[in-house]
Amino acid sequence: MPRPDVSKVLEKHAAERAKRLRPDGNDQYRPLAGDLAHMAEDPFTDRVEREPLRDHVTVAFIGGGFAGLMTGAYLKEAGVDDVRIVETGGDVGGTWYWNRYPGVQCDVASLIYLPLLEETGYVPTEWYAHGPEILEHCQRIAKQYGLYERALFHTRVTGLEWDEAAGRWTVRTDRGDAFTAQFVAWGLGNLSVPKLPGIPGIETFAGHAFHASRWDYAYTGDPAGGPLGGLRDRRVAVIGTGASAVQCVPHLATACGELFVFQRTPSVIEVRNNRPIDPEWFARIATPGWQQRWLDNYAANMTAAEQPAEDLVDDSWTALARRGRAAGEGPDPEQDGADGIGREVYADLEKMDEIHARVAATVRDPRTAELLKPWYHLPCKRLTFHDEYLAAFNVPTVHLVDTGGKGVERIAPSGVVVDGTEYPVDCIIYASGFEVGTDPIRRGGFDPVGRDGRRLSQAWADGLRTMHGLHVHGFPNAFLVQPFTGGMRFSNLAHNLAEAARTVAAVVGHAVRAGVDVVEVTREAQDAWMREVGVDAEWRSFLATCTPGYSNNEGTDLGAYSIWEEYLCADGLGYFRLLQQWRDAGDFAGLQRRHLGR
Ligand code: NDP
């Protein structure tokens with residue numbers, strides 16, 4: 001491997017990191033609340049008034065995204081019919097309901113990202129499907145499995161209370177509902193609460209402003225993803241250059257009178273290589289069980305210690321995993337170099353050289369190209385994938401305003417200020433991301449009260465504690481459908497949610513069939529699992545050296561709720577197999593079962 005001038009590059013990384021470090025960490029952001037609360041409103045679906053509910057269901061699922069849809073579908077397959085999804089949005093879809101910005105697209109191959117493809121018989125049209133197709137697929141699942149029948153939309157759960165004597169939960173909502181459910185589960189998403197930068201003056205802006213996850217097509221024009229005619233004569237600012245901005249900027253580039261992209265840290269822009277899925281090719285590969293084979297193969301390629309024999313998805317994600325594996329297998333560089341720097345670091349810097357070369361080859365203005373080059377280790381920030389983003393900066397009406405790592409200085413009534421210069425604009429689009437690393441109970445908006453009146457916030461005072469990421473001691477008949485304290489550190493979250501959903505369906509299906517009233521994980525089983533989960537000290541210390549971002553709580557403190565903090569192991573497939581064996585064994589080890597003798 002040719003050796004880049006590693007020490008110089010690492011010095012540059014440290015200098016760039018230092019520019020971005022700030023003492024307020026996650027507190028630098030502000031919610032879409034107070035005088036900016038209107039920015040959180042649903043621009044897509046009108047709210048329909050209804051009477052509060054006082055009825056009973058077997059399962060209430062909070063969240064109508066992939067987690068709720070898959071859990072609902074598997075519950076129906078397990079014979080549990082009355083499942084009620086409760087969702088803050090106006091329809092199912094979760095992330096794909098809210099994120100409708102132009103160009104929105106999945107970054108994981110459709111064939112392994114879209115749930116229940118085999119069950120619904122749906123064939124995605126593209127290797128990386130666009131948002132509208134994914135939202136439509138969510139609706140397809142809800143229709144096929146009858147999940148619309150009892151669903152409550154534009155409804156926020158405000159309280160969950162366990163009634164030990166009755167063996168059921170009371171679910172309270174902001175619509176005045178107080179219905180009961182034998183079982184509750186929730187999957188609220190990891191990136192579902194939008195945040196705004198706490199830029200001074202943000203509330204004084206007199207023009208139009210919205211968050212990318214609440215795209216205002218009434219203002220920009222054309223919800224179908226066409227030319228965004230409303231922006232033709234407008235000066236538009238995009239604040240942020242993460243995955244959302246990378247996907248919408250190419251569409252804005254040719255639509256706006258002038259576009260100003262305000263950058264604090266450049267993203268890694270990897271190759272997208274999207275293409276249609278050929279139905280004839282698909283018919284050849286789609287033999288029974290194909291989607292599970294693809295899911296397992298991807299998980300193995302991303303996480304197994306040894307390279308699997310084949311790589312079905314074979315994209316930029318798996319290529320990176322292959323590169324990391326090859327670096328790990330090489331001779332110890334300490335044996336042939338005096339710098340003591342690991343071979344993985346060289347591999348990482350080599351990849352970054354490729355990323356930089358792509359910028360230089362695409363962006364015509366050399367100064368802009370320099371500013372678009374990221375200087376940090378690859379895993380520090382979420383990669384992005386696009387084949388038109390960099391070229392958008394060649395459009396004469398598109399301007400990159402780099403903030404030298406400091407962020408926007410101020411918002412004035414008529415524009416955005418950086419380094420004392422005001423850029424007058426008609427519209428500001430905040431592509432500023434979502435809350436990560438904050439207290440998940442506050443984010444969810446309800447603090448369940450479990451057995452003996454104990455709140456989840458008390459049970460988790462020192463961080464998340466679960467068995468398998470799913471069950472919490474003291475919270476009977478309740479399940480989480482989410483990855484933390486589960487077993488995953490790779491890109492296909494949909495796979496993780498599918499395994500969790502299957503497990504919930506297996507437990508609830510068994511309880512209903514066997515007449516079991518209450519299931520609860522024992523403290524011993526939860527403690528034993530938490531000893532296995534552990535915290536990866538090496539990964540943690542790596543993150544501490546990273547440029548600030550949501551992976552490391554903005555570089556200040558990895559905190560109890562840091563996104564990567566707790567996971568079982570890097571071997572995602574191993575975790576999935578463990579869950580499957582646990583389900584198949586049928587004795588639901590670690591769960592205590594009770595009959596109430598009613
Ligand atoms: P991100 O958190 O990734 O990006 C927010 C952006 O806002 C960053 O560029 C950040 O800069 C910038 N920013 C924050 N504060 C300021 C400030 N004061 N001044 C200027 N810029 C500022 O949010 P996204 O919505 O882009 O993406 C969030 C996550 O959602 C992704 O990482 C991904 O996991 C997921 N996602 C997935 C997609 C997919 O799979 N297709 C598409 C879109 C999102 P800095 O980097 O310096 O903090």
Side-chain angles (χ1 to χ4, degrees), residues 16-17 19-22 24-30 66 94-96 98-110 113 128-131 134 189-202 211-215 237-249 260-270 272 274 316-317 372 374-376 379-386 389 400-411 416-419 423 428-437 483 491-494 546-555 563-564:
E16 292 294 324
R17 175 176 186 270
K19 283 185 200 169
R20 288 166 176 81
L21 273 181
R22 40 190 286 170
D24 49 0
N26 274 326
D27 294 339
Q28 68 181 279
Y29 298 106
R30 55 168 291 173
F66 276 13
T95 279
W96 304 100
W98 293 111
N99 286 281
R100 303 191 194 197
Y101 55 80
V104 58
Q105 185 179 28
C106 66
D107 278 354
V108 174
S110 316
Y113 182 74
Y128 301 97
H130 280 80
I134 305 176
N190 304 318
L191 296 152
S192 49
V193 179
K195 68 184 188 211
L196 292 168
I199 303 172
I202 187 168
H211 190 274
S213 70
R214 302 287 186 276
W215 194 273
V238 170
I239 297 187
T241 50
S244 300
V246 165
Q247 293 190 334
C248 71
V249 159
F260 299 85
V261 180
F262 291 87
Q263 170 178 279
R264 190 166 69 176
T265 309
S267 280
V268 168
I269 315 290
E270 252 285 33
R272 160 88 307 161
N274 199 16
S316 293
W317 287 114
L372 285 165
W375 293 99
Y376 45 81
C380 288
K381 276 186 182 275
R382 163 72 147 73
L383 308 179
T384 72
F385 303 83
H386 217 287
Y389 174 75
L400 180 70
V401 184
D402 186 71
T403 64
K406 294 290 173 213
V408 167
E409 178 185 319
R410 192 161 53 81
I411 306 278
V416 180
V417 181
V418 173
D419 247 347
Y423 298 83
I428 301 178
I429 299 167
Y430 291 99
S432 45
F434 303 86
E435 281 194 33
V436 179
S491 54
N492 191 11
L493 185 63
C546 271
T547 199
Y550 73 60
S551 298
N552 64 356
N553 277 356
E554 303 298 333
I563 187 165
W564 297 119

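Every number for a ligand or one of its atoms is a count from 1 in the order of the listing. Just so it is clear, the model here is predicted, and its values are computed rather than measured.
- Under the 30°/60° scheme for interplanar angles, the aromatic rings of Tyr101 and Trp215 are found to be tilted.
- Protein residues having at least one heavy atom under 4.0 Å from any atom of ligand 1 are Tyr29, Tyr101, Gln105, Cys106, Asp107, Leu191, Pro197, Ile199, Ile239, Gly240, Thr241, Gly242, Ala243, Ser244, Gln247, Arg264, Thr265, Lys381, Arg382, Gly407, Val408, Ala431, Ser432, Gly433, Phe434, Tyr550, listed by chain and number.
- Looking at Ser267, its side chain does come within 3.5 Å of a backbone N or O of Thr241 through a donor-acceptor pair.
- The backbone N or O of Gln105 sits less than 3.5 Å from a side-chain atom of Gln247, completing a donor-acceptor pair.
- Taking the six-membered ring for Trp and thresholds of 30 and 60 degrees, His211 and Phe434 have ring planes more than 60 degrees apart, a perpendicular arrangement.
- Between Phe262 and Tyr423, the gap from one ring centroid to the other is short of 6.0 Å.
- Note on ring orientation: taking the six-membered ring where Trp is involved, the planes of Trp317 and Phe385 are tilted (angle from 30° to 60°).
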